[in-house]
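These notes concern the structure reproduced below.
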Amino acid sequence: MLIGVIADDFTGASDIAVTLSKGEKGQGGLATTQYLGIPQHPAGPEVEAGVIALKSRSIPAQDAVEQSLAACEWLLEQGCEQIVFKYCSTFDSTDEGNIGPVTDALAQRLQVQQVVMCPSFPAMGRTLYQGHLFVNDKLLNESGMEHHPLTPMKDACLLRVLQRQSRNAVLNIAWQKVCEGEIALRQSMDAAGNGERCLLLVDAICEEDLITIGRASRGVRLLTGGSGIALGLGHNFIQEGRAKGKKTTLPLVNGPEAILVGSCSGATRGQIEEHQKEHPVLMVDVKDVLTGIVGADQLVEFIFRHQGKSPLVYSSGTPESVKKIQQEFGRENVAAALDNLFGETAKKLVATGTRRIIVGGGETSGAVVSALNLHALTIGDEIDIGVPAMVSKGNNPLALALKSGNFGGKDFFSRAVKALQGPVME
């Protein structure tokens, strides 16, 4: 294993895994496996990049640090030469963390002086310029992320956001320096901090910038960012002849399908509206879940009644309605109830024959794969930007697609069902 990734949620892990797998411009990258939690056994010899998916984005900072360090140790034991800490391209965090504390801890463990950081994901409209994060043409704090139910982002200046979280100096390497090319950028990276440990927020507004950052990071021990940070990393090992640079052929799985959605993002709500034009959709009232009126059995019954028609169940709502429920029942109670609902639903579905599962929402994805006790996933082709088709390793495999709330086109769910359909191939 050459590159090891620690991802702070499950959909983010899939996102960077497919970036490593497809390589630059989709020409083939590293043989990549996504692990659901910290593995208990060594990686297979075929794995060139390993991505450990944690559920650490919204937990207490110290717990996130401990889990991330444990993941780092396993990756180092597999021989990883480069560690990447992956978080959302909208820098989802609070003033307490968890991005800064985890980055500080990894830098201390790996004994590095400069940490390269870049959340940019231009394909999804997320760009960093002069240390400020934009979502399409809006500053982060005006993009809708200021209303996120768990990690509201109210400051677009990541220099300030990160400095509130980190014990180390936070510096910006401007886009103009990135434009000078990988050699000039590497010189600036190496010279930053005057010998003191520092976190380097490197601007990027297009994929070419990210490739420049990746190539300039040859031999860099620790990077952090969105999935785009990995665009140029595999190239370095392929160019050295240490990785094969081939595309992965993914076995696809036949069987009943189900779509489970727990995101309240605007993009996901639009996808649900599009899907229900031709497919059965069931809305779950969050208050009914919290009061015990609705449980997993009702969701399973609906899905099996509409088997073969791409049925979808969701608990999504407007940011205003979600906030009202959280105020009444408590944010943690709401999150735990929905995680339990979708996790139990997924277990019951798989136990009765469902073989393909599409999940919308990062927290919901984490709940589903945790409940299913899956250990490792082979990464296949991209269904939509940042969302791969995946198949679980082992006997009786499952096909999965885990979608972050803001990802995917309007017809994502129907396309995901088709992308996961087909006979199992040896």
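Just so it is clear, the model here is predicted, and its values are computed rather than measured.
Every pair passing side-chain hydrogen bond (donor to acceptor under 3.5 Å, both in side chains) that includes a residue from residues 360-376 is listed here, sequence neighbours excluded: Lys55-Glu363. Listed by first then second residue, pairs satisfying side-chain hydrogen bond (donor to acceptor under 3.5 Å, both in side chains) with a partner in residues 395-409 read Thr268-Lys403, Gln271-Lys403, Arg355-Asn396, not counting sequence neighbours. Counting only residues at least two apart or in different chains, salt bridge (charged side-chain N to carboxylate O under 4.0 Å, His left out) contacts with residues 229-243 comprise Glu81-Arg242, Arg218-Glu240, Glu240-Arg242. For residues 124-138, no pair satisfies salt bridge (charged side-chain N to carboxylate O under 4.0 Å, His left out), with sequence neighbours left out.
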Q: Quick one: do Asp104 and Ser166 satisfy side chain to side chain donor-acceptor pair (under 3.5 Å)? Show the steps, please.
A: CA-CA 7 Å; Asp104 286 353; Ser166 174; 2.8 Å; yes
(Q) Test side-chain contact (heavy atoms from CB on, under 4.5 Å) on Val417 and Ile358; report intermediate values, then the result. (A) CA-CA 7 Å; Val417 170; Ile358 296 99; 3.6 Å; yes
Q: Could you check Met1 against Leu75 for side-chain contact (heavy atoms from CB on, under 4.5 Å), going step by step and ending with a plain yes or no?
A: CA-CA 8 Å; Met1 194 182 291; Leu75 291 167; 3.8 Å; yes
Q: Begin from the C-alpha positions of Thr224 and Lys86 and carry the test side-chain contact (heavy atoms from CB on, under 4.5 Å) through to its verdict.
A: CA-CA 6 Å; Thr224 85; Lys86 196 275 174 193; over 6 Å; no
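Checking side-chain atoms of Gln78 against main-chain N and O of Leu76 turns up no donor-acceptor pair under 3.5 Å. A donor-acceptor pair under 3.5 Å links the side-chain atoms of Glu48 to the main chain of Lys244, judged by distance alone. Listed for the Asp209 side chain is a donor-acceptor partner under 3.5 Å among the backbone atoms of Cys206. A side-chain donor-acceptor contact under 3.5 Å links Gln82 to the backbone of Ser217. Here the side chain of Asp384 pairs no donor or acceptor atom with the backbone of Val387 at under 3.5 angstrom. Looking only at distances, a side-chain donor or acceptor of Ser120 sits under 3.5 Å from a matching main-chain atom of Ala204. Of the possible donor and acceptor atoms, one in the side chain of Asn333 sits under 3.5 Å from a partner among the backbone N and O of Phe329. Although no hydrogens or angles enter the test, the distance criterion places no donor-acceptor pair under 3.5 Å between the side chain of Asp203 and the main chain of Asn172. Side chain of Thr32 to backbone of Leu30: a donor-acceptor contact under 3.5 angstrom is found. Formation of a donor-acceptor pair under 3.5 Å by the Glu382 side chain with backbone atoms of Gly386 is found in this model.
Residues Pro256 and Gln307 have side chains in contact (heavy-atom distance under 4.5 Å, counting atoms from C-beta outward). Looking at heavy atoms from C-beta onward, Val253 lies in side-chain contact with Val391 at the 4.5 angstrom threshold. In this structure, Glu328 and Lys287 have side chains that are in contact, with non-hydrogen atoms separated by less than 4.5 Å. Within the 4.5 Å cutoff, the side chain of Val18 has no heavy atoms near those of the Asp381 side chain. The shortest side-chain heavy-atom distance between Met124 and Phe407 falls under the 4.5 Å cut-off. Annotation: side chain of Phe304 is not in contact with side chain of Lys348 (no heavy-atom distance under 4.5 Å). Residues Asn254 and Gln421 meet the side-chain proximity criterion, which asks for heavy atoms closer than 4.5 Å. With contacts defined as side-chain heavy-atom distances shorter than 4.5 Å, the pair Leu282/Leu312 does not qualify.
With sequence neighbours left out, Phe302 forms a ring-ring contact (aromatic ring centres under 6.0 Å, His included) with His306. Under the salt bridge (charged side-chain N to carboxylate O under 4.0 Å, His left out) criterion, Glu73 pairs with Arg109, sequence neighbours left out. In this view, Gln276 and Glu273, Val281 satisfy the side-chain contact (heavy atoms from CB on, under 4.5 Å) rule, not counting sequence neighbours. Remark: Gln165 engages Ser93, Ile99, Pro101, Val161, Leu162 in a side-chain contact (heavy atoms from CB on, under 4.5 Å) (not counting sequence neighbours). Listed by chain and residue number, nothing satisfies the ring-ring contact (aromatic ring centres under 6.0 Å, His included) test with Phe412 (two or more places apart in sequence, or in another chain). By the salt bridge (charged side-chain N to carboxylate O under 4.0 Å, His left out) test, Asp92 is found to be paired with Arg57, residues two or more places apart in sequence or in another chain being considered. Residues satisfying the side chain to side chain donor-acceptor pair (under 3.5 Å) test with Thr127, not counting sequence neighbours, are none. Residues passing the ring-ring contact (aromatic ring centres under 6.0 Å, His included) test with Trp175, sequence neighbours excluded: none.
Across all non-hydrogen atoms, the minimal contact from Gly361 to Ser263 is CA-CB, 3.8 Å. Here the closest non-hydrogen pair linking Ile213 and Cys118 is CD1-SG, 4.2 Å. Val178 and Thr212 make their closest contact through O-CG2, 3.8 Å (heavy atoms, listed as atom of the first residue, atom of the second, distance). Residues Asp15 and Ser227 approach most closely at OD1-OG, 2.9 Å, considering heavy atoms. Counting all heavy atoms, side chain and backbone alike, Leu341 lies closest to Gly295 at CD1-C, 3.5 Å. Leu377 approaches Ser392 most closely through the heavy-atom pair CD2-CA, 3.5 Å.
Ion pairing between a basic and an acidic side chain is recognised when a charged N comes within 4.0 Å of a carboxylate O; Glu301 and Arg305 show such pairing. A salt bridge links Glu257 to Arg356: one of the charged nitrogens lies within less than 4.0 Å of a carboxylate oxygen. The pair Lys309-Glu278 fails the salt-bridge criterion, with no side-chain N (NZ, NE, NH1 or NH2) lying under 4.0 Å from an Asp/Glu carboxylate O. A salt bridge links Lys393 and Glu46; the closest N-O separation between the charged side-chain nitrogens and carboxylate oxygens is under 4.0 Å.
Under a cut-off of 6.0 angstrom, the local environment of CD in Gln176 is crowded, with over 12 non-hydrogen atoms contributed by other residues, nucleotides or ligands.
For Phe342 and Tyr314, the ring centers are positioned 6.0 Å apart or more.
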